[in-house]
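Naming: A, B, ... by sequence-line order, numbering from 1 per chain. From a predicted model like this one, the values you see are computed outputs, not experimental measurements.
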Amino acid sequence: MSKKTIREALNEALRQEMARDGQVIILGEDVAGGHGGTGVIDAYGGPLGVTKGVIGEFGANRVIDTPISESAIMGAAAGAAATGLRPVAELMFVDFMGVCFDQIFNQAAKFRYMFGGKTKTPMVVRTTIGAGMRTAAQHSQCLYHMFTSVPGLKCVMPSNAYDAKGLLIEAIRDDDPVIFFENKLLYDLACDVPDESYAIPFGEANVVREGGDVTIVAFSRMVHIAEEAAKTLAAEGISVEVIDPRTTSPLDEETILDSVEKTGFLVVVDESAARCGMAADIAGLVVEQAFDALRGPIIQITPPHTPVPFSPPLEDAFIPTAGAVCDAIRKLLK
Amino acid sequence: MNLGNNILLDAYHRMKSIREFEERIHVENTTGEIPGFVHLYAGQEAVATGVCLQLRDSDYIGSTHRGHGHSIAKGCDIKAMMLEIYGKKGGLCAGKGGSMHIADFEKGMLGANAIVGGNPPLVIGAALTAKVKGTDGVAVSFSGDGASNQGTTFEAMNMAVVLKLPVVFIFENNGYGEGTGCDYAVGADSIAKRAESFGMPAVSVDGTDFFAVEAAAREAVTRARTGQGPSAIEASAMRFYGHFEGDPQAYRSADELAELRKTGDCLKIFRARVEKDQLVTADALDQIDREVADLIDEAVDKARKADFPTSDDLLTDVYVSY
Ligand SMILES: Cc1ncc(C[n+]2csc(CCOP(=O)(O)OP(=O)(O)O)c2C)c(N)n1
Ligand SMILES: [Mg+2]
């Protein structure tokens, strides 16, 4: 056990699974980098450094740099998964789903059902999400809600390094297509991570902090915003329970419902979308199944219904803040 | 064809403006005042300039993440561009787009584009507008060697041929897509030959030679303007800086970079040629150097001092009406 960043934890998960299972391959743009150049191979090790060193250990036959051709990358991963490999494909930024979504949602996601249960598609798509890096409208979105709405896909979004490792290992071992969302701003966040391999089952929420007055459900980086708010409110005598579902498909409904039964209040902090996003999804669940427990309106804290702006003050105003969460809860409990 | 003095000075002005703009951003970026990703175009100036010199404001170009050079060559206001890159009020896109989304439709600049392979389909749309409306407008797509491998690019090329659209596909081969070499990622012998196989004339030119680019672009744009359909040009010129600012560039050797500045500098090559052939005077070029340096100084100064937009602006312009 030692402190590892999310980047390091993911790297370790990939190496351990590749060592364990020869069918696991990695493919994507610059997952190594340097091929066809005058410098060194593994010049990138993944655009954000997650796959650094993996090619040195497992070779170019299993760590595959591709042309910039996302449809072919995602389709190749799906096709390879259905025929005997366990590909981990990288979609550098989730925004690029725009050029390859067919291969994911019409192809990979549908195989099992559409072919009458005859096939397995054990692929993982690792992709990055999140605003806050000033990368504007086409490199900052948090589109996990769109994948979550597609039957056949599993959706995972770790908020810390321990979960990142265990969930990625689970994703690779899972026989269904899994979309694995990594928040760009969290890569350097470190915590204690066991050196040995371990898997965290999907569909089990993590109760990050226990409390009795109000439930917050938050995803990915928003878990940290929720925790920050919870700490501030604790000093004011408000006890907040923070739940990180960790996977949106499958979703641990029970943990969320039990918590709302206990607290009577629900706030969802979600960076995905103001309309038809995860916040609306969780709110719908709770209204339907825990209506009698609710003692106030459900609050959805999301970005506004706009693209992600570039200019720093605009982007800062776009992303949900701990301050906004605190204000909402104070008002709710008054 | 001999280019007149005015055209050569105009060309030099555009190339020098791009170079100065990019080198200055390279320096200013280290202060932390420039938000987000910047991808510099220095080294490839002769391509944007040789092509855009053939175009009118009413013609369109589509650009890439490395779009500053195309924007300047197409006539975008340099101060408004700098404001945009700093994320300030008065920026060309009101601070909402930044470096990767500079656009100015009045100048025929359809936008830098942060999606690799994003622009070729859009550009054939601009060409379609010209064709349907019966104007003699032309649209030009700038793509990198990396973007040449994107399915969207292939689809756009085929459809342009099928519909005989007034479009020119420029492939700027700078040897790399991020950290992956073109020789590795492009399966064909050349990007030009692959484009040709779609059914359009295509040539390869030295992208550091303004005169070579200019001649090829003139022919292709004339072809488009006179209803003879699409063409493609592969222009080779390396970028002087990393893929993005901050890129350690381990995929290329120090020798490659050093050599580049010595033998692959399109501005030096241009100057040597026009001075040797006595096409323009050294004084006239020096004068442009000074003007451009002053302009970029002013642009940076103005951008640094300008106000940021306020959070009220966050909610505007999502729709025309709602
Ligand atoms: C669809 C998509 N895939 C990947 C990227 C990430 N990316 C940005 S620029 C780039 C390299 C582009 O190479 P090239 O087309 O040769 O242009 P250059 O950077 O050399 O100008 C990549 C992979 C992206 N922005 N969009
Ligand atoms: Mg390139």
Contact class of [X] relative to chain A, heavy atoms under 4.5 angstrom:
X: Asn113(B); answer: both
X: Phe154(B); answer: neither
X: Ile85(B); answer: backbone
X: Thr310(B); answer: backbone
X: Thr180(B); answer: both
X: Tyr176(B); answer: side chain

List the atom of [X], the atom of [Y], and the distance in Å for their closest heavy-atom pair.
X: His101(B); Y: Ala137(A); value: NE2-N, 4.3 Å
X: Ser311(A); Y: Phe308(B); value: OG-CD2, 3.6 Å
X: Ala114(B); Y: His139(A); value: O-CE1, 2.9 Å
X: Ser69(A); Y: Gln150(B); value: CA-OE1, 3.3 Å

May I ask you to list the residues in [range] that approach chain B closer than 4.5 angstrom, counting heavy atoms only, ordered by number?
range: residues 313-327 of chain A; answer: Pro313(A), Leu314(A), Ala317(A), Phe318(A)
range: residues 28-38 of chain A; answer: Asp30(A), Gly33(A), Gly34(A), His35(A), Gly36(A), Gly37(A), Thr38(A)
range: residues 50-68 of chain A; answer: Asp65(A), Pro67(A), Ile68(A)
range: residues 73-81 of chain A; answer: none

Notebook entry, point to check: So which of Gly97(B), Gly177(B), Gly151(B), Gly91(B) has the biggest tally of heavy-atom pairs under 4.5 Å with chain A?
Noted result: Gly97(B)
Checklist line | Most contacts with chain A, counted as non-hydrogen pairs under 4.5 angstrom, among Gly36(B), Gly179(B), Gly87(B) | finding: Gly179(B)
Note to self: What part of Val40(A) gets within 4.5 angstrom of chain B, counting heavy atoms only: side chain, backbone, both, or neither?
What the structure shows: both
Note to self: Are Asp247(B) and Tyr44(A) packed together at the side-chain level, in the sense that at least one heavy-atom pair is separated by less than 4.5 angstrom?
What the structure shows: yes
Notebook entry, point to check: If you round to the nearest 0.5 Å, how far is CE of Met100(B) from CZ of Phe310(A)?
Noted result: 8.5 Å
Margin query: Within the supplied structure, the quantity of interest is the number of heavy atoms (other residues, nucleotides, ligands) at a distance under 6.0 Å from Met159(B) CE; does it exceed 12?
Written below: no
